[in-house]
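Reading through the structure tokens given below for one structure.
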Protein chains: 2
Amino acid sequence: MGRRSEHSRDEIRKMAIDASAKIVETEGFKSLTARKVAAKIGYTVGTLYHVFRNFDDIVIHLNARTIDEMAVLIQKNVKKKRSAEARIRTMAAVYVDFATEHPDRWRLVFEHQAPRGLPTPELMKVRRDVLFEMVAENLRELSPNHISQEVDHTATALWSGIHGICILALTGKLYLGGAFSMVKLIDTLIDSVLNEFRRTHAAD
Amino acid sequence: MGRRSEHSRDEIRKMAIDASAKIVETEGFKSLTARKVAAKIGYTVGTLYHVFRNFDDIVIHLNARTIDEMAVLIQKNVKKKRSAEARIRTMAAVYVDFATEHPDRWRLVFEHQAPRGLPTPELMKVRRDVLFEMVAENLRELSPNHISQEVDHTATALWSGIHGICILALTGKLYLGGAFSMVKLIDTLIDSVLNEFRRTHAAD
DNA sequence: ACATTATTTGAACATCGTTCAATAACCATG
DNA sequence: CATGGTTATTGAACGATGTTCAAATAATGT
């Protein structure tokens, strides 16, 4: 075969990531293979390797898109909220919803790691901290007198905690029954951290 | 070859799990393969498959041992502590230490999942809740008047949160620098949840 | 001594990520 | 219009993966 040029490099990239997302959603992230992606977009593996450096590269781009998608969703919902606290609670709610609706794509973001030794690609580093910073922003508004470092610290602790509940629930490692639910657990965590945050402010 | 009978079934199982642990620790959990395990114990793949149902079965047994090992370590350290709060803080500290010292084995516990559709083996279910229950026990002691369900709820939220900090830090998805550290983040979370717990008790 | 049983092997299979020479389609030039 | 150069695309090949199983061998029973 030779050049068909039906699609540009970037188009193929986009098609491949689309296809990957679909495969992960329908068959789970363990079923994502290069050949499956290639077949789904009407090309062969070879072409894929001309457009991506390797298989991890595909996963990394898929994950970047997943994070972006989630960030947009969170932004959109947060805008409607007036108070800083409501915004933080909304962030968590959307986060949980997204993780629940796209469990495999969401897990892939957190369970994938580039081959041992290689550094985290800049692509990911940039996205990594976006949500933490959004939480920090709202904490700052909630209590403007805290020193910046303390705000960041609290934001990290809170958001990591929410993430922990999310991932354990999603991977079936939490007992959820009766009055238990992800949402309630997260409410408890938010209540606790926000109250403590306000209290330490008083002793400032 | 025929029966050598140098080792019993159970001995081979133990040897295989030992070898797996070593491989995971030294080469990372992505490098764990059946052939590598077999070679390390002086057998071939075939033998492994007579003793384990499949590769996941090996991982599950390795994970069970990892959890047991960690649980023993926690128990031992918790015994020395007098107050319920000190015991909870110690639990978290030992958890973090273990995860930090054995990152790959620890991650394997939480990132492995049996093939799609298959239920979590009983082996895991039993171990899954041990640590949560330990936290709940101490919470109960901390404030005996709470209703049992609320205690379990708080224990789950707190322990999941600690886990979240742990896993994000370990997978390099947390900004940790300056005054930031896993220990400090976890302290913040524990402070918040315990204080809130005591406070809601007052309004009981 | 021989037959039976249990244990261990290693070749075979499909599939994986990855590479790369060969190929076929396009473009430009004569 | 043909011809040659360029380039996108292929598909076979490689080593390694999990998994299976007939064959081979060692221990045991008679």
Side-chain angles (χ1 to χ4, degrees), chain A residues 1-17 19-20 23-24 26-63 104 108 111-118 121, chain B residues 1-17 19-20 23-24 26-63 104 108 111-118 121:
Chain A
M1 286 292 169
R3 103 162 102 175
R4 276 194 325 227
S5 284
E6 291 183 39
H7 307 99
S8 70
R9 263 181 89 87
D10 282 349
E11 278 173 331
I12 295 180
R13 285 169 82 90
K14 190 185 170 327
M15 287 162 60
I17 298 172
S20 301
I23 293 168
V24 169
T26 57
E27 308 176 37
F29 65 86
K30 293 232 163 118
S31 301
L32 183 66
T33 73
R35 283 177 178 80
K36 227 179 254 180
V37 173
K40 205 151 195 144
I41 65 174
Y43 284 87
T44 51
V45 253
T47 301
L48 225 45
Y49 276 83
H50 277 281
V51 168
F52 294 97
R53 290 211 312 283
N54 48 38
F55 187 71
D56 283 297
D57 200 25
I58 299 179
V59 175
I60 287 169
H61 279 85
L62 171 58
N63 283 345
D104 274 279
L108 189 58
E111 296 187 11
H112 175 78
Q113 74 172 353
R116 240 175 146 64
L118 286 181
Chain B
M1 285 295 169
R3 101 161 106 176
R4 277 196 321 229
S5 284
E6 293 182 39
H7 308 99
S8 71
R9 260 181 92 87
D10 283 349
E11 277 173 331
I12 294 180
R13 283 170 84 90
K14 189 184 170 329
M15 288 162 59
I17 299 172
S20 301
I23 293 168
V24 169
T26 57
E27 307 176 37
F29 65 87
K30 294 229 162 119
S31 301
L32 183 66
T33 73
R35 283 176 179 80
K36 228 179 255 180
V37 173
K40 207 152 192 143
I41 64 173
Y43 283 88
T44 51
V45 252
T47 301
L48 267 188
Y49 276 82
H50 277 279
V51 167
F52 293 98
R53 291 211 312 282
N54 49 36
F55 187 71
D56 282 297
D57 199 24
I58 299 180
V59 175
I60 288 169
H61 279 84
L62 171 57
N63 284 345
D104 275 278
L108 189 57
E111 295 187 12
H112 174 78
Q113 75 172 352
R116 243 176 144 63
L118 285 182

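Letters go in sequence order (proteins before strands), and every chain restarts at 1.
Leu48(B) comes within contact range of no nucleotide atom at all, as no heavy-atom separation falls under 4.0 Å. No engagement by Ile58(B) is indicated, since no non-hydrogen atom pair under 4.0 Å with the nucleic acid exists.
Of the possible donor and acceptor atoms, one in the side chain of Asn63(B) sits under 3.5 Å from a partner among the backbone N and O of Leu108(B).
His50(B) pairs by the side chain to side chain donor-acceptor pair (under 3.5 Å) definition with nothing, not counting sequence neighbours. Lys14(A) is linked by a side chain to side chain donor-acceptor pair (under 3.5 Å) to Asp18(A), counting only residues two or more places apart in sequence or in another chain. For Phe52(B), the ring pair (Phe, Tyr, Trp, His ring centres under 6.0 Å) partners two or more places apart in sequence, or in a different chain, are His61(B).
What you find for Ser31(B) and Ile23(B) is that their closest heavy atoms are O-CG2, 3.9 Å.
Distance, Arg9(A) CZ to dA8(D) P: 8 Å, rounded to whole Å. Remark: C1' of dG17(C) and CG of Asp57(A) are 14 Å apart, rounded to the nearest angstrom. Rounding to whole angstrom units, CZ of residue Phe52(B) and P of dT8(C) are separated by 14 Å. Note: CD (Glu6(A)) to P (dA24(C)) measures 17 Å, nearest angstrom. Met15(B) has its CE atom 15 Å from the P atom of dT7(C), to the nearest Å. Rounded to an integer number of Å, the gap from His7(A) NE2 to dT9(D) C1' is 13 Å. His50(A) places its NE2 atom 16 Å from the P atom of dT23(C), with the value rounded to the nearest Å. The CD-C1' distance, from Glu27(A) to dC16(C), rounds to 15 Å in whole Å.
Applying the side chain to side chain donor-acceptor pair (under 3.5 Å) test to residues at least two apart or on different chains, the pairs with a partner in residues 34-45 of chain B are Arg4(B)-Tyr43(B), His7(B)-Tyr43(B), Glu27(B)-Lys36(B). Residue pairs meeting the salt bridge (Lys or Arg N to Asp or Glu O under 4.0 Å) criterion with at least one member in residues 41-61 of chain B: none, sequence neighbours excluded.
Put simply, the side chain of Glu6(A) does not reach to within 4.5 Å of the side chain of Glu11(A), judged on heavy atoms. Between Phe29(A) and Val59(A) there is no side-chain heavy-atom pair separated by less than 4.5 Å.
For the OP1/OP2 pair of dT7(C) and a distance below 4.0 Å, the side-chain nitrogens and oxygens of Thr47(B) include no atom meeting the criterion.
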Inset, instruction - If a protein heavy atom is under 4.0 Å from the base, mark B; if only from the sugar-phosphate, S; if neither, -; do that for nucleotides 14-19 of chain D going 5' to 3'. - result: ---BBB

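For the helix from dA1(C)-dT30(D) to dG30(C)-dC1(D), the angle separating the two terminal helix axes comes to 30°, with each axis derived from five pairs and the value rounded to 10°.
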